[in-house]
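A, B, ... follow the sequence lines: proteins, then strands. Residue 1 opens every chain. Since this is a predicted model, take the numbers as computed values, not measurements.
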Protein chains: 4
Amino acid sequence: MNCPFSSKPRWARRKEARPQELLAAALDIFVERGFAATRLGDVATRAGVSKGTLYLYFENKEELFKAVVRENMLPILDEAEDIIDSYGGSSADLFRELILGWWERIGATKVAGITKLMMAESGNFPELATFYREEVSARGDAMIVRMLERGVERGEFRAIDVRQTANVVIAPVIMLMMWQQAFNPCHAEPLDSASYLESFIDLCLNGLQMPPHPAPA
Amino acid sequence: MNCPFSSKPRWARRKEARPQELLAAALDIFVERGFAATRLGDVATRAGVSKGTLYLYFENKEELFKAVVRENMLPILDEAEDIIDSYGGSSADLFRELILGWWERIGATKVAGITKLMMAESGNFPELATFYREEVSARGDAMIVRMLERGVERGEFRAIDVRQTANVVIAPVIMLMMWQQAFNPCHAEPLDSASYLESFIDLCLNGLQMPPHPAPA
Amino acid sequence: MNCPFSSKPRWARRKEARPQELLAAALDIFVERGFAATRLGDVATRAGVSKGTLYLYFENKEELFKAVVRENMLPILDEAEDIIDSYGGSSADLFRELILGWWERIGATKVAGITKLMMAESGNFPELATFYREEVSARGDAMIVRMLERGVERGEFRAIDVRQTANVVIAPVIMLMMWQQAFNPCHAEPLDSASYLESFIDLCLNGLQMPPHPAPA
Amino acid sequence: MNCPFSSKPRWARRKEARPQELLAAALDIFVERGFAATRLGDVATRAGVSKGTLYLYFENKEELFKAVVRENMLPILDEAEDIIDSYGGSSADLFRELILGWWERIGATKVAGITKLMMAESGNFPELATFYREEVSARGDAMIVRMLERGVERGEFRAIDVRQTANVVIAPVIMLMMWQQAFNPCHAEPLDSASYLESFIDLCLNGLQMPPHPAPA
DNA sequence: GATGAATGAGCGTTCATTCAT
DNA sequence: TATGAATGAACGCTCATTCAT
C-alpha cells in the first residue's frame with residue numbers, strides 16, 4: 001500500500017504480468033504440439049491459471065496465437081529493418097549479419113517453432129495464414145530482397161533474379177529452423193547448426209560473387 | 001459373362017481396384033488437411049464408400065497413412081537410386097537430373113504434401129516419424145550425399161563438407177515443395193517453380209565449382 | 001468317388017458336418033467371451049468358414065446360441081431324467097449320482113460356461129432368457145425337486161421345504177461351475193472341484209438326514 | 001448471499017453432490033445392463049448431465065466402475081469385519097448374523113448386481129477382475145473362513161475343511177443374489193429370499209453341528 | 001451352397017468455449 | 001478479475017447383418 005519502494009502492490013503487479021505469463025505458456029505449447037493439437041487447458045495449466053481465465057485476455061485460440069506471434073516476432077523484425085536501413089559495410093557482411101542475426105534471435109530459440117507451425121498448418125487455418133503472411137513473411141522477404149538489391153547495385157553481387165534468389169536464400173534458413181525443432185523426429189541425428197550455416201553462407205556467397213574477369217589479352 | 005473382352009465381372013474388378021481408390025482419396029485428404037485433421041469419414045466419402053469399408057483394407061489411420069507413403073514415394077526412390085547407380089555424365093548434370101527429376105515426380109505433384117505433412121506433424125506421431133525417416137528421408141539424404149561425393153571424387157566439385165552441403169542442398173527443394181502446396185497460404189503469390197529451381201541450381205553449381213586456377217606466371 | 005467303404009463323397013460329408021463344426025466353434029467362443037462379446041466373425045474363422053456362411057445355417061446370433069444350447073444340454077437332461085425315473089437305490093445315493101453326474105457331464109466341461117453366460121446376460125436378452133428357463137432351468141429344477149420328494153416320502157430325508165431346499169442345493173453346483181470357468185478371474189486360485197463337491201455333498205446329506213431319535217425311555 | 005440458513009449457493013451444493021449423483025446413476029445402469037453393455041451416455045442422461053461431464057469426475061469407464069464398487073461395497077465390508085472382531089455370542093449366531101447382514105446390506109439391494117456383473121464379465125476385463133478380487137472377494141472369503149474357524153476352535157462346529165466349506169457356504173448366498181437380480185429372467189417366479197435363507201441357514205447349521213455323542217455304554 | 005465386400009448405426013473419449021458464481 | 005463446472009459436437013473404430021456374385 002504505502003510501500004516506499006514500489007508504488008504498486010504485489011497483486012497488481014501480478015495482474016499486469018498475467019498476459020505475459022499466458023503468452024509464454026502458449027508459446028511453449030504451440031511450439032511443442034502445433035496449433036490444432038494444442039489444448040487450451042494445457043496452456044492454462046502451465047500458466048498456473050484456470051481455463052476460463054484465458055478467455056479474459058484472449059478472445060479465442062486464434063487470437064491467443066496471434067498475440068504470441070506479435071509478442072515474439074514483430075520486435076525482432078523491427079530491429080532487423082533498422083540494421084538494413086543504416087548498414088555501412090559490405091553486402092557480403094550484411095548477408096552474414098542478417099542470416100546469423102536471424103538465427104540467433106529466432107532460429108535458435110523456441111520462436112522458430114512458430115515458423116514451422118505456420119508452414120504446417122496454415123492450410124487448415126486461413127485466417128492465421130493471412131495474418132502471418134502479412135505481418136511476418138512479407139516483411140522478412142522484403143528484407144532479403146533489399147539486401148540482395150543493395151549487393152547488386154553496389155557491384156558486389158552478380159546480376160541475378162533478385163526475387164527468386166531471395167526465396168532460394170531464405171529456404172535453407174527456414175529448413176534449418178524446422179530441423180532444429182525438438183531434434184526434428186524426421187532426422188535421426190540433430191544437425192550441427194553452426195556448421196550448417198557456415199556451409200550455407202559459404203555456398204551462397206560463392207554463388208553470388210562476381211565471375212572472375214577474363215584475362216585481358 | 002458375355003463380354004468377349006473381359007472374363008471378370010464388374011464386381012471383381014471393383015474389388016481389386018478398391019485399395020487404390022482408397023489410397024488415392026487418402027492421399028488427397030491427408031495432403032489437404034494433414035494427418036491429425038484428416039477425418040477417415042471424409043476419406044471414405046471421397047472414395048465413394050462407407051467408413052467401415054476403410055477398415056477392411058487398412059487396420060487404422062496410421063496404417064492407411066503408411067500405405068499412402070509406400071504407394072506414392074517408394075517407387076520413385078527406387079528409380080532415383082537406379083539413375084545414380086548407372087549415371088555416365090558429369091556430376092553437374094547428375095545434380096540437375098536428380099533435382100529436376102525429384103521435382104517432376106514428387107515436388108510438383110500432390111505427393112509433395114506428404115513431405116510437408118511429415119515436417120509438421122512428426123512430433124505428434126512418433127511412430128510415423130520413425131517410419132518416414134527410415135523408409136524415405138534416410139534414402140533421399142543418402143542419394144544426395146552420393147551425388148556430391150561423386151562430384152568431389154571426380155574433381156568436378158570443390159572439396160566441401162559433403163554431409164552438411166547435402167542438407168543445405170536439400171533444403172530449398174523441400175521448401176519449394178512446401179511453398180507449392182495449395183498456393184501455400186503463407187505466400188501471397190505462388191512461386192514460379194521453374195525459375196526458382198533455375199536460380200537454385202545456378203547458385204549451387206556456381207557455389208560448388210572448382211575455384212579458378214591462379215594464372216601461371 | 002467310388003470308395004467302397006463310403007457311399008458319400010468327401011465333400012458331401014463335409015457339407016453335413018458343417019453345422020456341427022459351426023456349433024462347436026460357437027460353443028467355444030460363447031463360453032470364452034459371453035454372448036454379447038462374441039463376434040460372429042470369430043466363430044466363422046474358428047470354424048474355417050466365412051462370415052456369410054454362418055447365416056446359411058442360423059438365422060442370427062440368437063438362433064445360433066439356441067442351437068448351441070440344444071445341441072449340448074438337452075441330451076444330458078434327457079438322460080438324467082431317465083435315471084431318476086428308474087432309480088432303485090437309496091435317495092442319498094441318488095443325490096450323489098445326480099450331482100456327480102451333472103458335474104461330469106456339464107460342470108466339468110465347456111458347457112458349464114453356458115450356464116454362467118446365461119446368469120450374466122439373460123437380463124440383456126430376454127428372448128434367450130425365456131428360452132433357457134423353459135428348456136433348461138425348469139427341467140433341472142424339477143429333477144432336484146423330485147429327488148428330494150422321493151427322499152422325504154421314503155423316510156430317508158427329514159421333512160423340509162422341498163422347493164426352497166432344491167434351490168439351496170442347486171446353488172453350490174452352479175457356483176462351482178461359474179468358479180471353474182477359466183480359473184475364474186475373481187478367484188485367485190482355482191478351486192479343487194472334487195473336494196468342493198465332497199464338502200458340499202457331505203454338508204447336504206448331514207443337513208438332510210433324519211434327526212437322531214430321542215432315546216426311548 | 002442473504003440466505004440466513006445456508007452460506008452456500010445452490011451451485012456449489014450442486015458441484016459437491018455431482019460425484020454422488022453420477023455414482024448412483026452408474027450403479028443403476030451397470031447393474032441393469034452389465035459393464036460392457038452400459039453406455040456412458042445413458043449414465044450421464046440418468047444423472048441429468050451431458051456425456052462430457054462424466055469425464056470431469058472419472059477418467060474412463062473402468063475408473064467409474066471402480067468408484068461405484070468402492071462407494072457401495074467397501075464400507076459394508078469394513079463393518080462386517082468389525083462385527084467379527086468383537087463378536088461375543090455363539091458361532092451359530094455369528095453365522096446367522098453375517099449371512100443375514102450381508103443379505104440386508106448387499107444381497108437385497110441393487111449392489112448385489114455388481115457381484116453378478118463381476119462373475120459374468122471378469123473374463124473380458126482382467127483389470128477389473130483383479131481389482132474386484134483384491135478389494136472385495138478376498139476380504140469376503142476371509143471373513144467366512146474366520147467365522148468357521150472360530151466355530152471349530154470353540155467346539156461348536158465339527159471338524160471340517162474350513163476353506164472348502166467357506167466356498168460351499170458362500171455359494172448359495174451369491175446365487176441368491178444373482179437370482180434376485182431383476183426377478184432374474186432365468187427363473188420364472190422370484191424366489192422368496194427369506195425362506196430361501198432360512199432353508200440355507202438351517203441346512204448349514206445342521207450340517208455343521210457336532211455329531212451326537214455315542215451313548216456311553 | 002459359399003463367399004467376403006459393403007454397410008451404417010453405435011460407443012468411448014476429447015476439447016474449445018460458455019457462464020453462473 | 002478469476003474460477004471451473006458444464007456443454008455438445010466431433011471422430012476413430014467395431015461388428016451384426018446383407019447381398020451380389
Rounded to the nearest Å, what distance is computed from the [atom1] atom of residue [X] to the [atom2] atom of nucleotide [N]?
X       : N      : atom1 : atom2 : answer
D/Arg33 : E/dC11 : CZ    : P     : 9 Å
C/Arg39 : F/dA16 : CZ    : P     : 8 Å
D/Leu54 : F/dA5  : CG    : P     : 14 Å
B/Leu64 : F/dC13 : CG    : C1'   : 13 Å
C/Lys61 : F/dT18 : NZ    : C1'   : 17 Å
A/Phe58 : F/dT1  : CZ    : C1'   : 15 Å

(message) Using 30° and 60° as the class boundaries, would you call the ring planes of A/Phe125 and A/Phe35 parallel, tilted or perpendicular?
(response) perpendicular
(message) Nearest to the D/Leu56 side chain among E/dA2, F/dA5, E/dG12, which nucleotide is it?
(response) F/dA5
(request) Using a strict cut-off of less than 4.0 Å between a Lys/Arg side-chain nitrogen and an Asp/Glu carboxylate oxygen, indicate whether D/Glu127 and D/Lys66 qualify as a salt bridge. (result) yes
(message) Could you check whether A/Lys116 pairs with A/Glu121 (Lys NZ or Arg NE/NH1/NH2 to Asp/Glu carboxylate O, under 4.0 Å)?
(response) no
(request) State the dot-bracket string of DNA chain F. Criteria: Watson-Crick or G-U wobble, both atom distances under 3.5 angstrom; notation: ( ) intrastrand, [ ] crossing earlier pairs, | interstrand, . unpaired. (result) .||||||||||||||||||||
(message) Taking any heavy-atom pair under 4.0 Å as a contact, classify C/Lys51: base, sugar-phosphate, or nothing.
(response) base
(message) Using a heavy-atom cut-off of 4.0 Å across all strands, would you classify C/Thr38 as base, sugar-phosphate, or nothing?
(response) sugar-phosphate
Does OP1 or OP2 of [N] have a side-chain N or O of [X] closer than 4.0 Å?
X       : N     : answer
B/Tyr57 : E/dA5 : no
D/Tyr55 : F/dA5 : no
D/Thr53 : F/dT7 : yes
B/Ser50 : E/dG8 : no

(message) Any side-chain to backbone donor/acceptor pair from B/Thr38 onto B/Arg33? Under 3.5 Å, distance only.
(response) no
(message) Treating D/Asn72 as the side-chain partner and D/Val111 as the backbone partner, does any N or O pair qualify as donor plus acceptor under 3.5 Å?
(response) no
(request) Map B/Gly41 and D/Gly52 onto DNA chain F by nearest heavy atom, then report which one ends up closer to the 5' terminus. (result) D/Gly52
(message) Reading DNA chain F from 5' onward, which residue's closest nucleotide shows up sooner: C/Glu62 or B/Leu40?
(response) B/Leu40
(request) Specify the residue among C/Val49 and D/Glu59 whose closest nucleotide of DNA chain E lies further upstream toward the 5′ end. (result) C/Val49
(message) Could you tell me if the side chain of C/Val69 sits less than 4.5 Å from the side chain of C/Leu128, heavy atoms only?
(response) no
(request) Compare every heavy atom of B/Leu40 with every heavy atom of B/Leu54, then report the nearest pair and how far apart it is. (result) CD1-O, 3.4 Å
